[in-house]
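In what follows, a single structure is set out as structure tokens and then discussed.
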Protein chains: 2
Amino acid sequence: MGATKTHHFTERQNELATLIKALGHPARIAIIDYLLKTESCICGDIVNELPLAQPTVSQHLKELKNAGIIKGNVEGNAICYCIDDDVWHKFKGHLNGFFQTYDLKKNNCCFTNVKHKDL
Amino acid sequence: MGATKTHHFTERQNELATLIKALGHPARIAIIDYLLKTESCICGDIVNELPLAQPTVSQHLKELKNAGIIKGNVEGNAICYCIDDDVWHKFKGHLNGFFQTYDLKKNNCCFTNVKHKDL
DNA sequence: AAACAATATCGTAATATTGCAATGAACAAA
DNA sequence: TTTGTTCATTGCAATATTACGATATTGTTT
């Protein structure tokens, strides 16, 4: 089908997947990298930085914007894209929970258990 | 095209994007959720937990495995999937760097600057 | 107003993803 | 060895993604 059956999953799972998915492309990682690395957040600078055509970059920016990760502000003729502080922190929180649960659990699944049993 | 131009990006950007992309689906979040929540990591239990047909779950497991996030161990008739400790920590490190950079930078992009300038 | 600059949108082609029924392969149990 | 169980793979249909040329839009400059 190609269409995700989102209604079967929890809201958290869908939200998190949406945020994560928005970052799941090297071009979009590169955009965030750029925003983290420089003072500039002018669309034109991002287009120049990336090895992709302007419409393609515009599309990637749109996806990041749709996910809420960045927001665009008109600044005269140009548009300035910045990371959305609220969403970014929410995202960070989600992921922290994820990794913390793992650390607390100690990953003693079958394979590990088998190894121990065999000793 | 539909084919990502990976060769234009850095190895880190591609690696990170691959890991992130593998998690960018609610079913795959649900799988990891399940592995974090329970002692079981038997494929059949995961299939029962998820609201998707067995072949679909198998495919999602395969993608997580391809990305390296989980690994499967044969255990008699069943297969036990567990989170790969090394890849998981590498992933965590990547993301920590990401979020740390943000925290250090304080996100003073155009919009924020404009607000301050206008005060 | 006319010309330019910066972005977005449209249209389209190529490819990827999602989902499942049907089937196959491997092992376990009878 | 037949039967059942567990999981992977195949094949396919529906949809989504990626990429870009052409074009529209909006604001700026002259």
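Order of the sequence lines fixes the chain letters, A, B, ..., with proteins taken first and strands second; residue numbering starts at 1 for each chain. Note that the structure is a prediction, hence the values are computed from the model and not measured.
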Quick one: side-chain contact (heavy atoms from CB on, under 4.5 Å) partners of [X], sequence neighbours excluded?
{"X": "A:Thr6", "answer": "A:Thr4, A:Asn14"}
{"X": "A:Lys65", "answer": "A:Ile70, A:Tyr81"}
{"X": "A:Ala17", "answer": "B:Pro26, B:Ile29"}

(request) Kindly state which residues belonging to residues 20-33 of chain A come within less than 4.0 angstrom of DNA chain D, counting heavy atoms of the residue only, listed by number. (result) A:Lys21, A:His25, A:Arg28

(request) Please list, by residue number, the residues of residues 48-56 of chain A whose heavy atoms come closer than 4.0 Å to an atom of DNA chain D; answer none if no residue qualifies. (result) A:Leu52, A:Ala53, A:Pro55, A:Thr56

(message) Does C:dA6 have OP1 or OP2 under 4.0 Å away from a side-chain N or O of A:Tyr81?
(response) no

Atom pair distance, as rounded to whole Å: [atom1] in [X] and [atom2] in [N]:
{"X": "A:Lys5", "N": "D:dA16", "atom1": "NZ", "atom2": "P", "answer": "14 Å"}
{"X": "A:Asn66", "N": "C:dA8", "atom1": "CG", "atom2": "P", "answer": "12 Å"}
{"X": "B:Gln59", "N": "D:dC12", "atom1": "CD", "atom2": "P", "answer": "15 Å"}
{"X": "A:Lys62", "N": "C:dT9", "atom1": "NZ", "atom2": "P", "answer": "5 Å"}
{"X": "B:His7", "N": "D:dT18", "atom1": "NE2", "atom2": "P", "answer": "15 Å"}
{"X": "B:Asn73", "N": "C:dC27", "atom1": "CG", "atom2": "P", "answer": "15 Å"}
{"X": "A:Ile42", "N": "C:dA6", "atom1": "CD1", "atom2": "P", "answer": "10 Å"}
{"X": "A:His8", "N": "C:dG19", "atom1": "NE2", "atom2": "C1'", "answer": "11 Å"}

At their closest point, which heavy atom of [X] faces which heavy atom of [Y], and how far apart are they?
{"X": "A:Ala78", "Y": "A:Ile42", "answer": "CB-CG2, 3.9 Å"}
{"X": "A:Ser40", "Y": "A:Leu35", "answer": "O-CD2, 4.0 Å"}
{"X": "A:Ile69", "Y": "A:Ala22", "answer": "CD1-CB, 3.9 Å"}

(request) Taking side-chain hydrogen bond (donor to acceptor under 3.5 Å, both in side chains) as the test, write out the residues that go with A:Thr10, two or more places apart. (result) A:Gln13

(request) Please collect all salt bridge (Lys or Arg N to Asp or Glu O under 4.0 Å) contacts where either partner lies in residues 43-54 of chain A, sequence neighbours excluded, each pair once. (result) none

(request) Ignoring the backbone of A:Ile79, work out which of D:dT18, C:dA8, D:dT6 is nearest its side chain. (result) C:dA8

May I have the list of side-chain donor-acceptor pairs in residues 82-99 of chain A shorter than 3.5 Å, sequence neighbours left out?
residue, atom, partner, partner atom, Å
A:Asp84, OD1, A:Asp86, N, 3.0
A:Asp84, OD1, A:Val87, N, 3.0
A:Asp85, OD1, B:Tyr102, OH, 2.3
A:His89, ND1, A:Asp85, O, 3.1
A:Lys90, NZ, A:Glu15, OE1, 3.3
A:Lys92, NZ, B:Asp103, OD2, 2.6

(message) Here's a test of your reading of the structure: between A:Ser58 and B:His60, which maps to the more 5' nucleotide of DNA chain C?
(response) A:Ser58

(message) Pick the closest DNA chain C nucleotide for A:Phe9 and for A:Asp45 by heavy atoms, then say which residue is nearer the 5' end.
(response) A:Asp45

(message) Is any side-chain heavy atom of A:Tyr34 closer than 4.5 Å to one of A:Cys41?
(response) no

(request) Taking A:Lys105 for its side chain and B:Thr38 for its backbone only, find out whether a donor-acceptor pair lies under 3.5 Å. (result) yes

Listing time: all N or O pairs from protein to nucleotides 1-5 of chain D that are below 3.5 Å?
residue, atom, partner, partner atom, Å
D:dT5, O2, B:Asn77, ND2, 3.0

Hey, can you pull the donor-acceptor pairs under 3.5 Å for the side chains in residues 56-64 of chain A, sequence neighbours left out?
residue, atom, partner, partner atom, Å
A:His60, ND1, A:Arg28, NH1, 2.9
A:Glu63, OE1, A:Arg28, NH1, 3.3

